[in-house]
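In what follows, a single structure is set out as structure tokens and then discussed.
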Amino acid sequence: MKSFVVVLLKELSDASRDRRAVLSLFLFPVLAPLLIYFMFNKIIDLGEDALDIELPVAGAEFAPDLIDFMQQNGISIKPLDLDVSNNGFSAATSVQLKTAIENRDYDFALLIPADFARQVAASVTVNVELHHDSSRTGGGIKVARVQNLIEAWGKETSVLRLMLRGVDPAVARPVNVGRIDVASDQARAQALLNMIPMFVIMAAFMSGVGIAVDATAGERERKSLEPLLVNPVQRSQLIIGKWLAAALFSIMGLITVMALNVLALSQLPLEMLGISFYIGANEVAGILLVTIPLALFATSLQIFIGIFARSFKDAQVYIGLMSLLPMLPFLYNTLNNNGRELWMSLVPMLGQNMLLADVVSGRTPAMPDFVLAGICLLAWSAGFIALASRLLKRESIIFS
Amino acid sequence: MISINNLVKHFGKVAAVDGVSFVARDGAITGLLGHNGAGKSTTLRVLYGLLKADSGSVDVDGIDVLQTPLQAQERIGVMTDAHGLYPRLTAREHIEYFARLRGLPAQVINDRTQVLLARLGMEDIAERRAAGYSQGEKMKVCLARSLIHNPQNIIMDEPTNGLDVMTTRSVRNILQTLKAENKCILLSSHIMQEVSALCDEVIVIAGGKVLFQGTLDLLIKQTGQNTLEDAFVSVTGTGA
């Protein structure tokens with residue numbers, strides 16, 4: 001048996017008995033998909049809610065045209081029994097409404113004055129009141145929708161009035177803004193989908209870290225390094241064994257994160273958001289092809305830091321800072337609008353992030369991009385492992 | 001057989017070992033005797049290949065440690081000053097780990113482990129995890145894993161430091177058995193009793209230099225003192 005295999009097997013069985021290492025293996029990969037699941041659910045709920053508005057109206061019977069218009073646009077009307085005979089609306093009515101909204105009997109309400117129809121017929125401006133609590137989150141979308149509908153009805157009415165008087169409605173409307181909302185639920189959901197690559201990259205970093213630090217800085221801290229080094233084994237064999245053990249944990253972590261993410265997404269009615277999300281065998285193979293080099297890279301860096309650090313605590317601090325690294329390519333990709341360029345494939349993690357984003361959104365990345373990004377990461381890993389092996393020959397590292 | 005010739009090792013500007021030469025014979029227990037900081041551990045660390053020498057030569061059974069440290073390490077069993085164990089591994093797993101690293105065949109590992117467990121009286125902890133071992137139990141595991149490949153040369157840095165009487169005794173018994181098997185045993189110590197109870201020959205070292213090499217009787221005779229302790233103090237000249 002090659003020495004690195006001996007080290008690998010020892011580190012694996014040692015770590016599998018370490019509650020901390022096992023926890024760090026599963027904690028993140030289980031939590032991240034849950035987060036995705038709940039965030040998606042939230043978006044879908046919001047989307048459903050916005051379509052489904054029940055509007056409490058006092059004085060609905062006085063404005064049948066407006067109420068018809070609202071109902072045609074999917075608003076269901078709930079009549080309220082409030083005094084609207086006074087056209088300025090009485091103070092008592094306001095107080096009554098305020099209490100009802102505070103008590104959450106309803107989130108908002110529309111008041112229509114008793115002489116609504118007469119004023120409309122007289123072509124004057126009618127005041128209706130929309131009572132709501134702007135400090136309450138969630139209701140804002142609905143209130144805005146109601147307000148938009150009332151204004152839309154108003155515009156329609158004004159067009160009719162102008163036409164009756166032989167005036168081109170365009171005269172009163174010098175400009176018309178066509179608003180196209182791209183920050184739709186779909187876009188928000190897409191942004192969430194783009195977080196999955198980040199989670200996978202973070203899993204690669206977080207799942208192997210326990211074993212990587214324990215096998216390096218931990219080995220020194222518990223004074224078992226010197227006895228280990230008196231065995232006639234090349235330092236590189238020791239480092240490679242430790243590295244592969246950490247990498248295996250990391251790979252297990254990212255497979256867990258992926259499997260649970262796919263599971264979570266398959267449980268969600270994504271078609272409601274107009275998202276086509278499909279992960280089949282090809283996509284899984286693609287993701288693994290991208291992420292396995294990533295696991296090797298992340299753990300090689302951690303092994304290097306673990307050997308380099310003065311103590312376990314030291315290593316934890318460095319590695320804690322390093323855990324922010326996976327955020328960088330994600331942020332860059334979020335801000336970058338220029339598309340893919342060759343150099344990006346060569347930057348560790350950035351290339352992977354883009355490949356994963358492609359795979360998750362159903363595009364198939366070109367094979368050379370896969371190969372290039374993978375080889376690049378493996379080269380970085382080999383570099384860190386060679387450096388760590390050299391460090392392990394230093395007297396100041398062995399006896400610190 | 002271990003022979004060191006004119007070994008020099010600096011840390012920065014400080015000469016930790018400054019021209020040490022001695023020979024440790026097969027079939028004998030040789031004691032490296034000195035105060036804390038005299039250069040004992042540094043000498044031993046160069047000898048088992050973890051420190052590089054600035055000059056001089058070190059060889060084990062004719063193999064040059066400085067040129068071919070891995071080959072030399074195959075002929076040495078080392079119990080280092082550091083006695084770190086893996087808290088989640090059992091005593092047997094500790095011994096097997098080192099045996100596999102040395103590439104021993106599975107059958108040999110089994111047989112040797114059984115023998116060592118019996119010899120050191122540690123069958124009761126063989127399958128128990130190291131977290132919670134007593135000092136003596138830790139020491140026994142360290143000793144067993146350093147002897148698993150049946151090395152011709154055995155190097156021990158302060159082997160009975162901090163042990164109770166019973167464990168010290170069993171370590172001594174093992175060392176006597178190894179000596180009877182014609183092994184070369186080199187141990188460092190600053191405890192006179194231990195050296196006088198065990199060693200056939202002593203090397204007194206201070207300030208990185210060898211002040212005396214010879215038998216205990218010779219040391220006492222040369223210094224004209226009555227006890228080994230007085231002789232040691234008189235040689236190192238720092239008895240005030």
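Per chain, numbering begins at 1; letters A, B, ... match sequence-line order.
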Item to check | Gap separating the NE2 atom of B/His94 from the OG atom of A/Ser224, nearest 0.5 angstrom | outcome: 7.5 Å
Item to check | Atom CD of B/Gln176 with >12 non-hydrogen neighbours under 6.0 angstrom | outcome: yes
Checklist entry - Are A/Lys10 and B/Tyr86 in a cation-pi contact, defined as NZ or CZ under 6.0 Å from the six-membered ring centre and within 45° of the axis? => result yes
Checklist entry - Which bit of A/Arg220 comes within less than 4.5 Å of chain B, counting heavy atoms only: side chain, backbone, both or neither? => result neither
Checklist outcome for this item: Greatest number of non-hydrogen atom pairs under 4.5 angstrom with chain B, of A/Glu226, A/Arg222, A/Lys2, falls to A/Glu226
Checklist entry - More than 12 non-hydrogen atoms from neighbouring residues, nucleotides or ligands closer than 6.0 Å to CZ on B/Arg128, yes or no? => result yes
Next on the checklist: Could you measure the distance from the CZ atom of A/Phe4 to the CG atom of B/Leu101? Nearest 0.5 Å is fine.
Outcome noted: 13.0 Å
Checklist entry - B/Gln73 and A/Val230: which non-hydrogen atoms are nearest, and at how many Å? => result CD-O, 3.5 Å
Next on the checklist: So for B/Leu85, is it side chain, backbone, both, or neither that comes closer than 4.5 Å to the heavy atoms of chain A?
Outcome noted: backbone
Next on the checklist: Please report the interatomic distance CG(B/Leu70) to CG(A/Asn231), rounded to the nearest 0.5 Å.
Outcome noted: 10.5 Å
Checklist entry - Under 4.5 Å, heavy atom to heavy atom, which residues of residues 43-60 of chain B contact chain A? => result B/Arg45, B/Tyr48, B/Gly49, B/Leu50, B/Leu51, B/Lys52
Checklist entry - Do B/Tyr97 and A/Val7 come within less than 4.5 Å of each other through their side chains, counting heavy atoms only? => result yes
Next on the checklist: Whether B/Arg129 and A/Asp14 form a salt bridge (side-chain N of Lys/Arg under 4.0 Å from carboxylate O of Asp/Glu) is what I want to check.
Outcome noted: no
Next on the checklist: Can you tell me which of A/Val233, A/Leu225, A/Asp214 forms the most heavy-atom pairs within a distance under 4.5 Å of chain B?
Outcome noted: A/Val233
Checklist entry - So which of B/His149, B/Glu74, B/Arg100, B/Arg102 has the largest heavy-atom pair count under 4.5 angstrom toward chain A? => result B/Arg102
Checklist entry - Would one find more than 12 heavy atoms of other residues, nucleotides or ligands at under 6.0 Å from atom CZ of A/Phe308? => result no
Next on the checklist: Using heavy-atom distances under 4.5 Å, tell me whether B/Glu96 contacts chain A through its side chain, its backbone, both, or neither.
Outcome noted: neither
Next on the checklist: Looking only at heavy atoms and a cut-off of under 4.5 Å, which of B/Ile76, B/Val78, B/Asp81 has the most pairs with chain A?
Outcome noted: B/Val78
Checklist entry - Rounded to the nearest 0.5 Å, what separation is found between the CG atom of A/Asp18 and the CZ atom of B/Arg88? => result 3.5 Å
Next on the checklist: So B/Arg145 and A/Pro227, do their side chains get closer than 4.5 Å, heavy atoms only?
Outcome noted: yes
Checklist entry - How would you list, in number order, the residues of residues 7-17 of chain B that have a heavy atom less than 4.5 Å from chain A? => result B/Lys9, B/Phe11
Next on the checklist: Is A/Leu228 close to chain B through its backbone or its side chain, or both, or neither, when contacts mean heavy atoms under 4.5 Å?
Outcome noted: both
Checklist entry - Heavy-atom distance under 4.5 Å to chain B: side chain of A/Ile398, backbone, both or neither? => result side chain
Checklist entry - ring-ring contact (aromatic ring centres under 6.0 Å, His included) with A/Phe384: which residues, sequence neighbours excluded? => result A/Phe304
Checklist entry - Would a 4.5 Å heavy-atom cut-off, applied to side chains only, mark A/Ser13 and B/Leu89 as touching? => result yes
Next on the checklist: So for atom CZ, which belongs to A/Arg17, do other residues, nucleotides or ligands contribute more than 12 heavy atoms lying within a distance under 6.0 Å?
Outcome noted: yes
Checklist entry - Is it the backbone or the side chain of A/Glu219 that comes under 4.5 Å from a heavy atom of chain B, or both, or neither? => result side chain
Checklist entry - How would you list, by chain and number, every residue that makes a ring-ring contact (aromatic ring centres under 6.0 Å, His included) with B/His83, sequence neighbours excluded? => result none
